[in-house]
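Here, residue 1 is the first one in the sequence, and each next residue gets the next number. Hydrogens, waters and symmetry mates play no part in the numbers below; they use all other heavy atoms, side chains included. Atoms within a ligand are numbered from 1 in the order they appear, just like the ligands themselves.
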Amino acid sequence: MKVCTKENITGYIALLDTAGIEYTRDVPLAPRTTLRIGGNADVGVFPDSEKQIAEAIRDAKKCGARYMVLGNGSNVLFDDAGFRGAVIFTKKLRGVSVDATTLCAGAGASLLAVTTAARDAGLSGLEFAYGIPSSCGGAVCMNAGAYGGDMASVVAEVAVYDSEKDRICRLDASEMRFAYRKSIVGNGERYTVLSVTFELECGDKNTITEKMTELMKRRAEKQPLNFPSAGSAFKRPAPDKYVGKMIEDSSLKGYSVGGAQVSEKHAGFIVNRGGATSDDMIKLIGHIKNTISENYGVDLECEIRLIPEKA
Ligand SMILES: Cc1cc2nc3c(=O)[nH]c(=O)nc-3n(C[C@H](O)[C@H](O)[C@H](O)COP(=O)(O)OP(=O)(O)OC[C@H]3O[C@@H](n4cnc5c(N)ncnc54)[C@H](O)[C@@H]3O)c2cc1C
């Protein structure tokens with residue numbers, strides 16, 4: 001996409017006004033991410049329906065305005081200079097409903113809301129996702145997973161806006177091309193997740209609750225939940241290769257650049273110890289990658305999505 005100019009944004013805002021879609025100019029991104037890093041977006045858009053999301057994207061394309069869709073901001077690193085363009089937030093699409101063993105959730109529904117709704121309905125399958133600080137849309141996009149489960153194993157169907165064909169359609173699980181921490185959604189160039197349908201199994205409420213409690217306990221024991229982070233910083237290079245261990249064995253636990261630090265609790269996490277800048281994060285990520293490449297000959301891939309100020 002070409003550079004997003006002030007004129008592109010002005011034109012976009014005029015279309016949002018006409019469509020009656022809520023927006024705010026100069027939206028601070030740091031408080032909207034779990035890393036608490038990032039400057040302002042030129043405009044933050046807050047659609048309240050699937051139709052409005054589709055329209056917000058269609059209008060952005062019409063005006064040549066750069067855009068991205070954001071869920072709970074738990075897997076992104078924005079630049080301190082912000083985002084030149086529009087960030088479209090899904091948080092208003094947070095409906096959750098259950099019918100027999102089928103659970104439907106809006107893209108902006110939190111996994112907390114979804115997993116507890118499943119538990120309350122006595123439905124099993126989503127326990128692994130309890131504690132992932134994600135929106136449903138972000139979880140599907142990333143094929144979020146933990147403790148042996150992932151979205152691919154429970155998603156039946158996803159409603160998406162296809163910006164190439166300018167239409168809302170439904171993709172079944174096989175069409176989602178789920179793989180380790182990725183899906184057909186990619187970086188959201190073409191598809192935006194609007195809602196997700198999960199197919200679950202009947203289970204015993206107490207057993208489900210116990211499993212969720214146990215997994216949350218394991219998270220709290222292992223993960224640095226007392227500091228801002230974006231979860232695991234790197235993807236696992238192979239199923240049997242643990243990045244945290246490689247980083248720890250490379251004596252990088254606790255290593256820091258400015259306010260960004262390799263967590264002292266779990267070396268797979270990079271935490272913001274206070275005042276970390278995007279530059280601190282990027283330098284630290286680079287240092288870890290170089291060290292692991294030298295020590296293991298492994299080229300680590302970042303799991304956190306780095307979002308540049310400009311396209
Ligand atoms: C403490 C902590 C623990 C974590 N534990 C786990 C874990 O156990 N397992 C795991 O997999 N991850 C984990 N994560 C990482 C993160 O929570 C997941 O990657 C999560 O799925 C991201 O969802 P989100 O809504 O926050 O996405 P965001 O960070 O908002 O966005 C991530 C990407 O998804 C895209 N996106 C978001 N919504 C949509 C949509 N509706 N349509 C199209 N694209 C969209 C964005 O454009 C962006 O590219 C953890 C993070 C933290 C901070």
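Listed by chain and residue number, the protein contacts of ligand 1 are T34, M68, V69, L70, G71, N72, G73, S74, N75, V76, T90, A107, I132, P133, S134, S135, G137, G138, A139, C141, M142, A144, G145, A146, R181, V185, Y191, T192, V193, R219, Q223, L225, S229, A230, G231, R305 (heavy atom within 4.0 angstrom).
In this structure the side chain of I88 never reaches within 4.5 angstrom of the side chain of M68, judged on heavy atoms. Side-chain contact between E214 and T209 is absent, with no heavy atoms from C-beta onward closer than 4.5 Å.
Taking 4.0 Å as the cut-off between side-chain N and carboxylate O, D42 and R25 do not count as a salt-bridged pair. Taking the charged nitrogens against the carboxylate oxygens, R66 and E309 have no contact shorter than 4.0 Å, which rules out a salt bridge. We find that R181 and E303 are joined by a salt bridge, their nearest charged nitrogen and carboxylate oxygen being less than 4.0 Å apart.
Taking the six-membered ring where tryptophan is involved, the planes of F89 and F46 are essentially parallel, since the angle between them stays under 30° and well short of 60°.
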